[in-house]
Amino acid sequence: MPCRRSTRLSYRPAPLTLPDAASAAGTDTIGAWTTVTTPQASEAKWQAMWRDDGTYEVDNDDPRPPFYCLCMYPYPSGAAHQGHVRNYTFGDLIVRHKTMGGHAVLSPMGFDSFGLPAENAAIKTGVHPRPFTDDRIAQLKASIGRLGAVYDWRREVRSHDPSYMRWTQWIFLRMLDAGLAYRKRAPVNWCPGCQTVLANEQVLADGTCERSGDVVTKRDLEQWFFRITAYADELLDDIDGLDWPERVKTMQRNWIGRSEGAEFDLVVDGRPEVAVRVFTTRPDTSFGMTYAVVAPEHPLVGDLTTAGQAEAVAAFVARVSTESEVERQTAEGPVDKRGVFTGSLVINPFNGKAVPVYLADYVLMGYGTGAIMAVPGEDQRDWDFAKAYDLPIVRTVAPPEGWEGEAYTGDGPAMNSEWLNGMAKDEAVAKAIDWLEAQGIGKRTVNYRLRDWLLSRQRFWGCPIPVVYCPDHGAVAVPDDQLPVLAPDDVEFRPTGESPLKFHEGFLATTCPTCGGPATRETDTMDTFVDSSWYFLRFTDASNDNAPFDPATATHWLPVDQYSGGIEHAILHLMYARFFTKALADVGAVPKGIREPFTRLFTQGMIRLDSTKMSKSKGNLVSPDEFFVREGADALRLAHLFVGPPQDDVDWEGVSIDGTTRFLQRVWRLGAGEVGTTVDRDETDADREVIRATHRLIARVTDEFERWSYNTAVAGFMEHVNALYKYAQTEAGARTETLAFAVDTMLALLAPMCPHITAELY
RNA sequence: GCCCGGGUGGCGGAACGGUAGACGCGGAGGACUCAAAAUCCUUUGUCCGAAAGGGCGUGCGGGUUCGAUUCCCGCCCCGGGCACCA
């Protein structure tokens, strides 16, 4: 056999000692006649080409049909972690798939760059959060680039960029104009040692401050709210039309928590001028009320407490003030410590009987009226409380025959209820409410679990709320032409965590826009969820200096055709973004027709390691960087796609980069003509079977892409490659034309998953 | 506590009422090699059996169905969210 000089392509993982992959020249020469292409060199080459050619940049007047594909923009935590890899692999797959299908795909990326970690780092190191954040963005951007995910970087948005902050503040002011932003007092976590407000995250499980160890209490502050509850019904109703995972839609519905029922007054025994208003969804059970409960922070607590009970009530209220809502609703610990008698009685208007009023930790001021009638016969929590405090239990709904449970919450004929007896639940509810209304002591109401959105944060590293306080004019909006309000750079971070804005005279001192007199700036900044509630709109028109975005341009791209991100955002972020879209349409910033931001949503599962969530704070991150260097981005992308259903959580232990690396090597050999023998001949049955199998692969993968069943699509590719190996290795060999068709077709289908190797081979 | 998910070989998973375990990892055996790596081929739920074959198997207990991993009810366990982490 003549020994001639040839170019041999080999696709093997490079050793970790390879020089920096990005700067590798593209080929290495091994010996005199073999040229090896490494995945790393190939990937760097294609990534540079996509970037330099602007292959995936789209203009707003692109004639192709528009498709807006968006992944939730990341908080810049430093180099990318596997959660980013997973999310952006799914997103990139869709971007490439839709682009191949002839769409103008808007694929933007940005950074959710305000937040607590940068501020904590500033307090620890004294470095201003901005350079810290910019540095982390650079790291994350580089990691994302090595994954081969393609974005139109001309549209990059950063929450902390003044050109973005300006419009975040502008939107706040439009909300204020429309009456959708307002101030009221609300409790915060207060650390008496640090003299500062703490985030929930900064409060340890035992209720102490993570910095000082002091017991954290609640303190009321005047704070800004968005009136999201004004949209409760629309937010609820519009869920039906969304192409979202059912579980997310269910969580959103439950979060809004619409419930129909009644409110009515319970008059204090012997003091007709004092009444406690209660909300109930079960007015049909009112005859079974054997006590009432008000929240420990209820304004009437002082009024209701008798002298004899004052000490016990005070102690109870003090203890509850150190507990979180979750703790208060957890039925752990001794039940008899969960409430206290106020000493007062109220009259049950249905039967005229006096029943005791208690405080209990499980009744929250933020829900309903902050007070309930307790009906232990038909509510398990009331049942447990009644047992612990030796209160009577009267059933007013007859349980089914053979009932051995405690409280019965189902339907059944009313009993022990005078004029309601025998009625089924719905009828009895209606009758009871009619009676309350006729008596003039109550009415039919709808209650929501959803609360208004508290957006004030007592922090430095966030977008300042553009308001000043004038002694004569109160809270006054900063005029549009003075935006953005920027925090100063010459600030000192205190070890207590207190916002430096509160002590910066140059920032604080200003003039009233109304009267020109001296005024003080608001020092609170906005919740970072405000930034993320409209960034998808800014992406459509990211460099607009005259408006947050041009309404016509926004209409061209919106709503987002495919949104994807982690399941952990199923409620808050998505609810707030939906609210902003509706509210902005109503204040005229977004065309009226756009009521929902995200047509189709995909939520991916989380990455866990040893069954705990993989996160920087837990210190169990597995960086993708070593995989980029060793196996290459395509192998890592494929490993994420193959490990299991995208919506399921992934235990990192189960991710096998070896299988997908090996598969890509087999694809490479097949594509490079290194497998078996090829011959030119007329079609045989074996050839026709390969052609049929290739068409079956097209149908299968197309369907599985549509269903997000990427793991089985990868299995399909593997089966195809295995079959082609068998085919080419038979004695008869493979027909050249047939094998080329089978391989080329597969490469085209595989391209959105593994863009580098398929581009290199194609 | 409330709300939402999940539980299938040694491991990740497949099977959208119809042959449980596709595909991959790991294991075993073989080919190639002086040898190793890599690669290629075969095999691999479990128990009994030399084999043929058979028993058992989708967290637990019931139910619907000709037929259930799949649908229903009740448990157990694991994970996520709970409004100031993002």
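Letters A, B, ... are given to chains in the order of the sequence lines, protein chains preceding strands, and every chain is numbered from 1.
For the C1' atom pair drawn from B/rU69 and B/rA14, the interatomic distance equals 11 Å after rounding to whole Å. Taking the C1' atoms as reference points, B/rG17 lies 12 Å from B/rC66, given to the whole Å. Remark: the separation of the P atoms in B/rC60 and B/rG9 is 10 Å, to the nearest Å. Of the C1' atoms belonging to B/rG1 and B/rG55, the separation is 46 Å, rounded to the nearest Å. B/rC11 and B/rC41 have their P atoms separated by 27 Å, given to the nearest Å. When the C1' atom is compared between B/rG57 and B/rA50, the two are found 25 Å apart, to the nearest whole Å. As rounded to the nearest Å, B/rA31 and B/rA37 have C1' atoms that lie 16 Å from one another. Taking atom C1' on both nucleotides, B/rU43 is separated from B/rG80 by 41 Å, rounded to a whole Å.
Between A/Phe172 and A/Trp224, the ring center distance clears the sub-6.0 Å criterion. Ring centroids of A/Tyr358 and A/Tyr389 are separated by less than 6.0 Å, placing the two rings close together. Checked against the 6.0 Å centroid criterion, the rings of A/Phe111 and A/Tyr75 do not qualify as a close aromatic pair. Aromatic ring centres of A/Trp383 and A/Phe385 lie farther apart than the 6.0 Å criterion allows.
Minimum atom distance to the side chain of A/Gln223 is reached by B/rC84, of the listed B/rC84, B/rG1, B/rC82. For A/Phe529, whose side chain is taken as the heavy atoms from C-beta onward, the closest listed nucleotide among B/rA14, B/rA86, B/rC82 is B/rA86. Checking B/rA22, B/rG5, B/rA86 against every side-chain atom of A/Glu719, the shortest atom distance belongs to B/rA22. Checked against B/rC4, B/rA86, B/rA14, the side chain of A/Asn254 finds its nearest nucleotide in B/rC4. Listed nucleotides B/rG1, B/rC84, B/rA15 differ in distance to A/Ala199; the shortest reach to its side chain belongs to B/rC84. For A/Val188, whose side chain is taken as the heavy atoms from C-beta onward, the closest listed nucleotide among B/rA86, B/rG1, B/rC84 is B/rC84. Ranking B/rC84, B/rC85, B/rA86 by closeness to the A/Glu201 side chain, first place goes to B/rC85. Among B/rC84, B/rA22, B/rC4, the nucleotide with an atom closest to any side-chain atom of A/Ala715 is B/rA22. With B/rC84, B/rG81, B/rG24 as the choices, the nucleotide that has an atom nearest any side-chain atom of A/Met718 turns out to be B/rG24.
Because its NZ or CZ atom is both nearer than 6.0 Å to the ring centre of A/Phe627 and within 45° of the ring axis, A/Arg630 counts as a cation-pi partner of that residue. By the 6.0 Å and 45° rule, A/Arg227 stacks over the aromatic ring of A/Tyr182.
Under the 3.5 Å distance criterion, with hydrogens and angles disregarded, a donor-acceptor pair is assigned to the side chains of A/Thr229 and A/Asp452. Side-chain contact, A/Gln458 with A/Glu498: no donor N or O sits under 3.5 Å from an acceptor N or O. At a cut-off of 3.5 Å, with distance as the only test, a side-chain donor of A/Tyr164 or A/Trp534 sits close to an acceptor on the other residue. At a cut-off of 3.5 Å, with distance as the only test, no side-chain donor of A/Asp384 or A/Tyr362 sits close to an acceptor on the other residue. A side-chain donor from one of A/Asp214 and A/Ser212 sits under 3.5 Å from a side-chain acceptor of the other. Counted by atom type alone, A/His573 and A/Glu568 present zero donor-acceptor pairs between their side chains at under 3.5 Å.
Residues A/Asp658 and A/Glu246 each lie close to RNA chain B; by heavy-atom proximity, the contact nearer the 5' end of the strand is made by A/Glu246. Along RNA chain B, the nucleotide closest to A/Gln458 and the one closest to A/Val248 are compared, and the more 5′ of them pairs with A/Val248.
A straight line from CG of A/Leu455 to P of B/rC84 spans 10 Å, rounded to a whole angstrom. In this entry the distance linking CD of A/Glu210 with C1' of B/rC85 reads 11 Å, nearest Å. Spacing between atom CZ of A/Arg211 and atom C1' of B/rC85 amounts to 14 Å, rounded to whole angstrom units.
A 3.5 Å limit on both hydrogen-bonding distances identifies no Watson-Crick or G-U partner for B/rU33.
Between A/Asn711 and the phosphate of B/rG24, there is no side-chain N or O to OP1/OP2 separation shorter than 4.0 Å.
Within the nucleic acid shown, A/His569 comes within 4.0 Å of at least one base atom, counting heavy atoms only. Residue-level contact check: A/Ile567 touches neither bases nor backbone, having no heavy atom under 4.0 Å from any strand. A/Arg451 comes within contact range of at least one nucleobase, with a heavy-atom separation under 4.0 Å. A/Pro645 comes within contact range of the sugar-phosphate backbone alone, with a heavy-atom separation under 4.0 Å but no base atom that close. Within the 4.0 angstrom heavy-atom criterion, base atoms lie near A/Trp255. Residue contacts for A/Ser456: at a heavy-atom cut-off of 4.0 Å it reaches a base atom on one of the strands shown.
For residues 224-231 of chain A, proximity to RNA chain B is found at no residue, defined as any non-hydrogen atom under 4.0 angstrom from a strand atom.
Among the candidates A/Tyr73, A/Phe598, A/Phe580, the single residue satisfying the ring pair (Phe, Tyr, Trp, His ring centres under 6.0 Å) test with A/Phe536 is A/Phe598.
Under the 30°/60° scheme for interplanar angles, the aromatic rings of A/Phe579 and A/Trp453 are found to stand perpendicular.
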Atom pairs, protein N/O to nucleotides 9-12 of chain B N/O, distance under 3.5 Å:
from   : atom 1 : to       : atom 2 : distance (Å)
B/rG12 : O2'    : A/Val643 : O      : 2.6

(message) So if I define the base as every atom that isn't primed, P, OP1 or OP2, how would nucleotides 39-44 of chain B read as a B/S/- string at a heavy-atom cutoff under 4.0 Å?
(response) SSSS--

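For B/rG9, the base adopts the syn conformation, since its glycosidic angle falls within 90 degrees of zero.
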